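Here's the structure, in C-alpha cells; my notes come after.
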Amino acid sequence: MPPLALRHVLSSQAHGMEWGWQFGLHPPDSRRTRLVSRGTERVPNTALAWLGMRIMEPAAFVMTRRMLPSPKERSEALRTSTF
C-alpha cells in the first residue's frame, strides 16, 4: 500500500480576483516522492484582467521553475547524509 499524499493549499480573494495554489507530496513508491505545484486564478471578465493574466502566466511559470529545485536539492542532500 503506497504512503498517503500530503497537500497544502493557499488561497486569497482581493479586488474581484480569486487565486489558489496547491502543493502536494505524492509518493509513487516507498523510495521516491513527487512534488506537484498547481495554481488557479479567477479574474473579472474584462480586457485588462485578460491582458494581466497573459503577462502573469509566463512570469509565474519562470518563478515556479526557479523555486522548486531548492526543496529537491535540500531533501536529496538530507537523504544522502542520513544513509
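Note that this is a predicted model, so its numbers are computed, not measured.
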Worksheet entry | Worked check of side chain to side chain contact (heavy atoms under 4.5 Å, CB included) between F61 and R65 | CA-CA 6 Å; F61 176 78; R65 292 292 294 174; 3.7 Å; yes

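When every heavy atom of W21 is checked against every heavy atom of R38, the shortest pair comes out as CD1-O, 3.0 Å. When every heavy atom of L10 is checked against every heavy atom of F23, the shortest pair comes out as CD1-CE1, 4.2 Å. Among all heavy-atom pairs drawn from A49 and P44, the shortest one is CB-O, 3.2 Å. Residues R54 and P58 come closest through the heavy atom pair O-CD, 3.1 Å.
Considering M17, M56, E18 in turn, M17 is the only one that fulfils the side-chain contact (heavy atoms from CB on, under 4.5 Å) rule with V43. Applying the side-chain contact (heavy atoms from CB on, under 4.5 Å) test between Q22 and each of T40, V36, V9 identifies V9 as the sole match.
In R34, the CZ atom is not crowded: 12 or fewer heavy atoms of neighbouring residues, nucleotides or ligands sit closer than 6.0 Å.
Linking Ile, Leu, Val, Met, Phe, Trp and Tyr whenever their side-chain heavy atoms come within less than 4.5 Å leaves V62 and I55 in two separate clusters.
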